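Worth knowing before you read on, the calculation uses all heavy atoms, side chains too, and leaves out hydrogens, waters and symmetry mates. Small disclaimer: the values here were computed from a predicted structure and weren't measured.
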Amino acid sequence: MDDENEKKYRETLTALRTARSLNEEMERLKQENGNDIGKNESHRARAILRSLVPLGDLQGVLSLRFTLNNPAADEERQRSDMPSGLIPGHKQSVGLFLERVYGIETQELFYRLLEEAFLPDLRVATMLDRNDGCESDMALSMNRYIGNSILPLLIKHANFYNEAENYASLLDATLHTVYRLSKNRMLTKGQREAVSDFLVALTAAMQPSMLLKLLRELTVDVSRLSEYTTVALRLFTLHYERCAKYYGSTGGQGLYGASSDEEKRLTMMLFSNIFDYLSKMDYEPELFEKTLPCLVAIGADNPQYDPQSINTSSVALNNDLNTIVQKFSEHNHDAWASRKIENGWVYAESWSDSQKSHPRLKPYNMLNDYLNNFCNKINTSVANKKSDIYVFV
């Protein structure tokens, strides 16, 4: 950081050290004495703390950028990549102080902090994930800061996500950044759950159409399921349960309206990709437990279909169509017989499932008149657009 920011940072930390004892005393009074005297002392202590550390200074420290150690490919990596100046733990303390002493009472302040402080730090965390199997002290520290401070704060103030049309682009950037963070390999289980909770809280307040870009990305990601896709599975399980009519009803869902053709297509692809991968993988109880509810939620969004067949009983086929029906009957019989023979079935006078024998495994022209007429009747129904099928067990 430059000299001016370094000076502001040092001055703020000095004020915070001075205020720490007062903050601890304030907490002690709140715990030991819940009566009016304790409350008055708490308010007085908070006023003193505010006079010592202005809100603007806290915002300034939270908005400072971390110095990352990124050695070149030919340079030797240091034992620890933690910077020598500002570290995530410092910001975590500042954030806790701001929340306890000032609070975040306005939407304007919330989004200013999100844009200038929290979102840049979330982006840094996504950049620190490593694929070489080595641990990064800075990445671990950033994940603790985000999981213990930033995400809980963003979840606590989820009411600011409602009626936030002016901040739509900022929320969209935050959504995609945190989703990328959910795939970090160095997150602990608790930190990944905090990421999941935030995504659920944010998307619950967003219009479904705003998730189109994320839906495109998810459709690709879930084509290969792993422990890093469980956050996405939970997110879309709850999303599709909440927005069932948006995707499944032609009339849409209230103010949400109706989904676009692309959203419907991506939804079908999402279902197919999840289902196809599950069908190929070995059974993993924990992953299946999270995946199946997502399939059910997506599948339930399909519109209710009540087919009404057309009555074709009075339709008569001419000689040309009857010839086609005859040929089609022969073809169907030969196709059925081929499948049976490939599966080890043989001809016999009587049918036996255990011995795989069938009396109809013979050329079509050798079938008796009853079976010929049966085949023709079925295929005539097919020609007349009925829903019957040709099957010989």
Side-chain angles (χ1 to χ4, degrees), residues 1 62-73 77-78 80-83 85-92 95 110-111 113-155 158 161 167-203 206 210-236:
M1 65 183 77
L62 290 173
S63 301
L64 294 176
R65 301 293 181 261
F66 293 110
T67 302
L68 301 180
N69 296 319
N70 293 316
R77 287 187 175 274
Q78 299 180 3
S80 174
D81 60 349
M82 288 290 286
L86 181 68
I87 62 174
H90 293 154
K91 282 196 176 186
Q92 183 170 336
F110 175 81
Y111 282 105
L113 289 170
L114 177 60
E115 181 177 14
E116 298 177 1
F118 300 147
L119 181 55
D121 288 347
L122 289 168
R123 286 172 173 157
V124 168
T126 63
M127 296 164 52
L128 290 172
D129 194 41
R130 297 177 60 169
N131 299 321
D132 56 7
C134 298
E135 289 191 347
S136 163
D137 292 337
M138 181 61 176
L140 294 174
S141 182
M142 280 296 298
N143 291 343
R144 285 193 296 270
Y145 165 48
I146 290 171
N148 297 333
S149 182
I150 292 182
L151 293 178
L153 186 147
L154 295 179
I155 294 170
Y161 304 140
Y167 303 99
S169 59
L170 179 57
L171 289 177
D172 183 67
T174 304
L175 172 66
H176 289 279
T177 301
V178 177
Y179 174 65
R180 287 197 299 273
L181 180 65
S182 73
K183 296 183 281 187
N184 276 19
R185 295 167 179 80
M186 300 177 69
L187 291 176
T188 66
K189 182 179 179 181
Q191 290 162 357
R192 204 176 301 280
E193 289 176 351
V195 169
S196 178
D197 290 342
F198 166 73
L199 289 173
V200 169
L202 176 57
T203 55
M206 298 177 72
M210 294 181 66
L211 301 185
L212 176 58
K213 183 179 177 182
L214 184 63
L215 184 58
R216 293 174 184 146
E217 187 175 354
L218 260 293
T219 303
V220 176
D221 288 349
V222 298
S223 60
R224 184 171 181 81
L225 300 173
S226 69
E227 60 181 306
Y228 306 116
T229 56
T230 56
V231 171
L233 291 172
R234 181 192 175 211
L235 171 63
F236 273 95

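- No more than 12 heavy atoms of other residues, nucleotides or ligands lie within 6.0 Å of CZ in Arg224, so this atom counts as exposed by the packing criterion.
- Residues satisfying the ring-ring contact (aromatic ring centres under 6.0 Å, His included) criterion with Tyr179, sequence neighbours excluded, are absent altogether.
- Here the straight-line distance linking atom OG1 of Thr174 with atom CG of Leu202 works out to 7.0 Å at 0.5 Å rounding.
- Residue His176 comes nearest to Leu214 through the heavy atom pair CE1-N, 3.5 Å, listed as atom of the first residue, atom of the second, then distance.
- Minimum interatomic distance between Leu187 and Leu181 (heavy atoms only, all atoms of both residues): CD1-O, 3.1 Å.
- Although no hydrogens or angles enter the test, the distance criterion places a donor-acceptor pair under 3.5 Å between the side chain of Arg65 and the main chain of Ser63.
- Phe236 is linked by a ring-ring contact (aromatic ring centres under 6.0 Å, His included) to His239, Tyr240, counting only residues two or more places apart in sequence or in another chain.
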Set out, in order, the CA-CA distance, both residues' side-chain angles and the distance that settles side-chain contact (heavy atoms from CB on, under 4.5 Å) for Leu68 and Leu128, then state yes or no. CA-CA 9 Å; Leu68 301 180; Leu128 290 172; 4.2 Å; yes
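- With sequence neighbours excluded, no residue forms a side chain to side chain donor-acceptor pair (under 3.5 Å) with Arg144.
- Side chains of Ile87 and Tyr145 form no contact here, defined as non-hydrogen atoms less than 4.5 Å apart.
- Not a single donor-acceptor pair under 3.5 Å links the side chain of Thr229 to the backbone N or O of Ala232.
- Remark: Arg234 engages Ser196, Asp197 in a side chain to side chain donor-acceptor pair (under 3.5 Å) (not counting sequence neighbours).
- Contact annotation: the side chain of Leu86 never approaches that of Thr67 to less than 4.5 Å [non-hydrogen atoms, C-beta and beyond].
- Considering all non-hydrogen atoms of both residues, Leu62 and Gly95 come closest at CD2-N, 4.0 Å.
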Run the side-chain contact (heavy atoms from CB on, under 4.5 Å) check on Phe198 and Ile150 step by step: do they pass? CA-CA 10 Å; Phe198 166 73; Ile150 292 182; over 6 Å; no
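- Atoms NZ and CD, on Lys189 and Gln191 in that order, are 13.5 Å from each other to the nearest 0.5 Å.
- The salt bridge (Lys or Arg N to Asp or Glu O under 4.0 Å) search around Lys91 returns Asp121, not counting sequence neighbours.
- Nearest heavy-atom pair across Met186 and Ser136 is CE-N, 3.2 Å.
- Within the 4.5 Å cutoff, side-chain heavy atoms of Asp221 are placed close to those of Lys183.
- Distance alone, capped at 3.5 Å, is enough to place a donor-acceptor pair between the Thr219 side chain and the Leu215 backbone.
- Annotation: the span from Leu140 atom CG to Met142 atom CE amounts to 11.5 Å, rounded to 0.5 Å.
- The nearest pair of heavy atoms linking Asn143 to Ala125 is OD1-CB, 4.3 Å.
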Take Met206 and Leu211 through the side-chain contact (heavy atoms from CB on, under 4.5 Å) test and state the conclusion after the steps. CA-CA 8 Å; Met206 298 177 72; Leu211 301 185; 4.2 Å; yes
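- Within the model, atoms CG of Asn184 and CZ of Arg192 stand 7.5 Å from one another, a figure rounded to the nearest 0.5 Å.
- Within the model, atoms CG of Leu151 and CD1 of Ile155 stand 6.0 Å from one another, a figure rounded to the nearest 0.5 Å.
- Atom CG of Asn148 and atom CG of Leu153 lie 12.5 Å apart (nearest 0.5 Å).
- Every ring-ring contact (aromatic ring centres under 6.0 Å, His included) that Tyr161 has, sequence neighbours left out, goes to Phe110.
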